[in-house]
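First comes the structure, then the notes that go with it.
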Amino acid sequence: MVVLLFFSIPVVAPFGVARGGAPQGVPGGAGIDGEAVYRSHCLVCHSLAPPPKAAPPIKGLAKHYREAFASREAGVAYMKAFMKKPDASKAICHKEAIERFGLMPAMTLPDDELQAVAAWIWDQFDPAMTGGH
């Protein structure tokens with residue numbers, strides 16, 4: 001009985017960050033682990049950090065979204081919409097990245113998974129990262 005109670009307690013990391021990395025109270029993906037979605041569907045093309053694989057690294061993308069949007073909510077919403085329907089004219093990364101890697105295919109994941117992975121990508125911003133694309 002004690003073991004069941006222990007495992008039924010929700011796990012929350014320190015500093016108000018829910019498991020999965022999204023700050024509590026900020027739209028993520030209804031309890032879906034954005035990093036797990038990344039590992040299952042995005043990692044094949046997007047490395048986390050440089051050097052790139054077949055697409056720009058996640059930390060570089062996070063940097064560009066942070067530069068383009070003042071709020072997490074707006075950046076995540078834009079990223080989610082872009083993943084659903086990529087359009088070169090709406091890309092946040094530099095034109096050279098699309099010339100080098102091409103435009104990503106549309107993601108056919110459910111909205112909550114796209115929301116979770118977009119929120120996770122936003123959170124991968126590394127302020128120490130300078131330059132790069």
Side-chain angles (χ1 to χ4, degrees):
M1 182 67 132
V2 172
V3 173
L4 288 175
L5 288 174
F6 177 77
F7 286 109
S8 67
I9 298 171
V11 177
V12 177
F15 309 112
V17 176
R19 216 168 124 195
Q24 292 179 347
V26 179
I32 294 172
D33 184 349
E35 183 177 5
V37 176
Y38 160 75
R39 291 191 180 283
S40 296
H41 300 283
C42 310
L43 180 60
V44 69
C45 294
H46 293 276
S47 60
L48 182 59
K53 289 182 176 186
I58 295 298
K59 289 191 181 279
L61 291 173
K63 177 182 179 287
H64 289 302
Y65 273 89
R66 291 287 186 104
E67 291 171 346
F69 294 93
S71 75
R72 183 177 192 264
E73 183 178 5
V76 167
Y78 195 94
M79 193 182 321
K80 177 183 167 187
F82 184 83
M83 287 188 282
K84 287 176 81 167
K85 191 173 180 182
D87 180 334
S89 69
K90 296 180 180 179
I92 297 299
C93 62
H94 294 144
K95 182 177 88 169
E96 295 82 14
I98 294 173
E99 290 170 0
R100 178 178 177 186
F101 300 113
L103 193 61
M104 69 178 281
M107 301 295 293
T108 58
L109 298 171
D111 279 355
D112 56 352
E113 289 185 24
L114 290 173
Q115 179 77 21
V117 75
W120 180 83
I121 292 169
W122 176 273
D123 293 342
Q124 299 316 299
F125 173 69
D126 180 357
M129 186 175 181
T130 58
H133 299 280

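As the structure is a computational prediction, the values presented were derived from the model and not from experiment. Numbers here simply count residues along the sequence, with the first being 1. In what follows, every heavy atom counts, from backbone to side chain, and hydrogens, waters and symmetry copies are set aside.
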Option from M83, H46, E113 for which side-chain contact (heavy atoms from CB on, under 4.5 Å) with H41 holds: E113

Among V37, V76, I58, side-chain contact (heavy atoms from CB on, under 4.5 Å) partner for W120: I58

Nearest heavy-atom neighbours spanning [X] and [Y]:
| X | Y | value |
| --- | --- | --- |
| D87 | F82 | O-CE1, 3.2 Å |
| A116 | I32 | CB-O, 3.6 Å |
| I98 | C93 | CG1-SG, 4.1 Å |

Flag side-chain contact, heavy atom, 4.5 Å: K90 against K85: no

Validation row: F125, K59 side chains within 4.5 angstrom (heavy atoms): no

Residue pairs fulfilling salt bridge (Lys or Arg N to Asp or Glu O under 4.0 Å) with at least one residue in residues 37-50, sequence neighbours excluded: E35-R39

Between [atom1] of [X] and [atom2] of [Y], what distance do you get to the nearest 0.5 Å?
| X | Y | atom1 | atom2 | answer |
| --- | --- | --- | --- | --- |
| R66 | Q124 | CZ | CD | 9.5 Å |
| D112 | K80 | CG | NZ | 8.0 Å |
| I92 | E67 | CD1 | CD | 10.0 Å |
| M79 | L114 | CE | CG | 11.0 Å |

same_hphob_cluster(L103, L61) at 4.5 Å side-chain heavy-atom cutoff: yes

Donor-acceptor pairs under 3.5 Å, side chain of residues 50-57 to any protein atom, not counting sequence neighbours: which ones?
residue: K53; atom: NZ; partner: L43; partner atom: O; Å: 2.9

Parallel, tilted or perpendicular: rings of F69 and Y78 (30°, 60°): tilted

Test item: Y38 side-chain N/O and L48 main-chain N/O as donor-acceptor pair under 3.5 Å: yes

